[in-house]
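Working notes for the structure below.
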Number of protein chains: 2
Amino acid sequence: MRPTAKDLAEAAGVSLATIDRVLNERPNVSPKAAKKVAEAIERIGFIRNPAAVALARNKTYRFRFVLPTSGDQYLTELIARVSEAKDVLRAESTEVEVVRIPMIDPHHVAKYLTAIDHCSVDGVAVMAPESPQVRDALVRLVERDVKVVQFLSGQERLESADYVGVDNFAAGATAGKIAGRFLGAQAGKIMIVAETMMALDSIQRRLGFDSIINTQFPHLESLPSLETYADEKRADLIIQRTLQHNPDTVGVYVLSSEARVPLTAVWNAQGSRPLTVVAHERTPFSEQALMDERIDAVIAQDPGHAVRSALRIMRARSDHRELLASQERIRIEVLLKENL
Amino acid sequence: MRPTAKDLAEAAGVSLATIDRVLNERPNVSPKAAKKVAEAIERIGFIRNPAAVALARNKTYRFRFVLPTSGDQYLTELIARVSEAKDVLRAESTEVEVVRIPMIDPHHVAKYLTAIDHCSVDGVAVMAPESPQVRDALVRLVERDVKVVQFLSGQERLESADYVGVDNFAAGATAGKIAGRFLGAQAGKIMIVAETMMALDSIQRRLGFDSIINTQFPHLESLPSLETYADEKRADLIIQRTLQHNPDTVGVYVLSSEARVPLTAVWNAQGSRPLTVVAHERTPFSEQALMDERIDAVIAQDPGHAVRSALRIMRARSDHRELLASQERIRIEVLLKENL
DNA sequence: CAAGTTTTGAGGTGCGCACCTCAAATTTTG
DNA sequence: CAAAATTTGAGGTGCGCACCTCAAAACTTG
């Protein structure tokens, strides 16, 4: 039979009340008693019954995803995955909500985050671009004992918060390797398109991409990054112009999570030239384009996994539990038509 | 406040005892009462508290992984992942054990499986090659109400059991696509090596691989499958002979989970010819070889994910719970040096 | 309609722990 | 050494449900 707290009290030679004080880190425990309990825990192999803990605490966990208002298919997918998790977690007294706020103005984001307190929310997963104000706001959130997860976003990583997402330099390097190897002996230029190069993740992907192209594929050349600002007309214009000026373009790399606008522009402008195309993130658009062989490879991070991981992390932090690190690492996936 | 069973009883106009009978599918419930309860559940949004259920049931779950005695690094990795999960699950009254049995003799495997009963084990995850005896034994296990998971193995899929693992045809196709695209314009032959072609997964991978090579890369030719039987000397011999007879070999595809023996043989025999190499599964060996650029790509399925998925499935089946299908699909991963 | 069968309700117990109170024992301090 | 502060123990309650018993009520059958 598995030892209970009562057994532990007996083994440690203290009362149940003291066991309770030790296990729940309550005040007024002498070092001597704490040591006796710790030893007894080791000796009899005591493990708290999580079900009993959850039942007795009878606590409701409240977690919040803070996502941008802007965004296309990838964001939609993310929100769908959150809804899915919400249904599952309802059984476990865990409320999950999504709040979308405009990320253009860092002050506004910071203000929103600052208004959150420990009473209304246990944990927040934030997807916001890098800015000192937002970073400060996150640090202050942590100080107010709200569990913070930096979620799939191009911010400086905080020490005091968890990060969920891939290493974007490595993701860019992976894209570079795929593009380079798929192009084989073909020489020429690679067009690089992003929504904006303000985001840290775009910068890191670009750096990773270039690091591979420059060292391993010297016959290829990455063009300067084009920025669409998620504007279709602007995308059409600058992409068409770039393709005209660079008739020796052999490939396209879309840095952003949303590839629909830039790639539609590319296909409008490309004429009949076959280009090797690498993009990021699995969306209905990129999936279809892979099937149609208009995209050669997609570098992706599983949004479902990311959402569940963020929730597991916030939950574990709330309970002061350890978590299985290997389960929380988000993989850089390479998607082809064949392994969708 | 979240509704409890008591609230449900009130809402349905029945007693707690009847609620209990309905929720736990006990006998002696009139259709009328069952309907009243079902409606009330919908109406007030009742959800059983899993923590309370677990506590009240106070059940210990016993799951078993049945793995081959033979095997190299991938099997070691799998077992390590099981141990990891074991530690985590101990808190949740779940015992996990690994049993390794020789898979050469299907009768022996079947006999072992037949000896398992519902009293000693709640669920079994079996990694065994295809054979009618084993299949029968699995079916009978299911009939005895043991939850069965077909685990990463080349068996015919049972309807009555769950399967954890990738679609091996698609995995082979992915390998084919990567090999074909990485070879680019190069023409020549691809050597294909397996431990044995008796296993269904090897056959399916081969079919998937060929389907891509034959249709999309007509300048490449897959050689007949070599079988090493996990024997180093035999591997050295047949691989050397094949490379001599086929001086126009440009690539190697290792079908099996364990690539160490065949690839060591290839590198012993290859001279200075640079070959494009695609293998399966991430192991210390394949990881190092990717880093050293002696393997170009590895097609993998995450063993940690597979183990956790099998455990989640067995647990959910034991509790008659639904599970989140999207979380249980094992991805066909493409590993390069850059996204390790 | 009586005897049998099925269905229902009332009530209790226990799962393992968190959280609370209050008094007693022990240690610290002036 | 007395007063104050700290530490400890005993005991209780409740979390939401499973599982059990027994009697009462509601149906079914001949």
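Proteins get letters first, then strands, A, B, ... in listed order; numbering begins at 1 in each. FYI, side chains are in, hydrogens and waters are out, and symmetry mates aren't considered; it's all heavy atoms of this structure.
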Could you state the [atom1]-[atom2] distance from [X] to [N], rounded to the nearest angstrom?
X        : N      : atom1 : atom2 : answer
B:Arg2   : D:dG14 : CZ    : P     : 20 Å
A:Glu25  : C:dA18 : CD    : P     : 11 Å
B:Lys36  : C:dT7  : NZ    : C1'   : 12 Å
A:His320 : C:dA18 : NE2   : P     : 13 Å
B:Arg26  : D:dC17 : CZ    : P     : 13 Å

Do [X] and [Y] get their side chains close enough for a donor-acceptor pair, meaning under 3.5 Å?
X        : Y        : value
B:Glu333 : B:Gln301 : no
B:Arg2   : A:Ser93  : yes
A:Glu77  : A:Thr283 : no
B:Gln155 : B:Gln150 : yes
B:Thr60  : B:Glu95  : no

Any carboxylate oxygen within less than 4.0 angstrom of a Lys/Arg side-chain nitrogen, looking at A:Asp20 and A:Arg26?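 Looking at A:Arg26 together with A:Asp20, the answer is yes, because their closest N to O distance falls below 4.0 Å.
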Charged N to carboxylate O under 4.0 angstrom, A:Glu130 versus A:Arg135?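 Result for this pair is yes, salt bridge flagged.
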Would you mind telling me which residue lines up with the more 5' stretch of DNA chain D, A:Ser30 or B:Lys32, judged by nearest nucleotide?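 Counting from the 5' end, the first nearest nucleotide belongs to A:Ser30.
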Chi angles and distances behind the salt bridge (charged side-chain N to carboxylate O under 4.0 Å, His left out) call for B:Glu143, B:Arg140: CA-CA 5 Å; B:Glu143 282 165 1; B:Arg140 287 200 302 270; over 6 Å; no
Which of residues 37-63 of chain B have a heavy atom under 4.0 Å from DNA chain C?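 Residues of residues 37-63 of chain B that come under 4.0 Å of DNA chain C are, in numerical order, B:Leu55, B:Ala56, B:Asn58.
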Give the residues of residues 3-24 of chain A touching DNA chain D, defined as any heavy atom closer than 4.0 Å, sorted by residue number.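 Residues of residues 3-24 of chain A under 4.0 Å from DNA chain D: A:Gly13, A:Val14, A:Ser15, A:Ala17, A:Thr18, A:Arg21.
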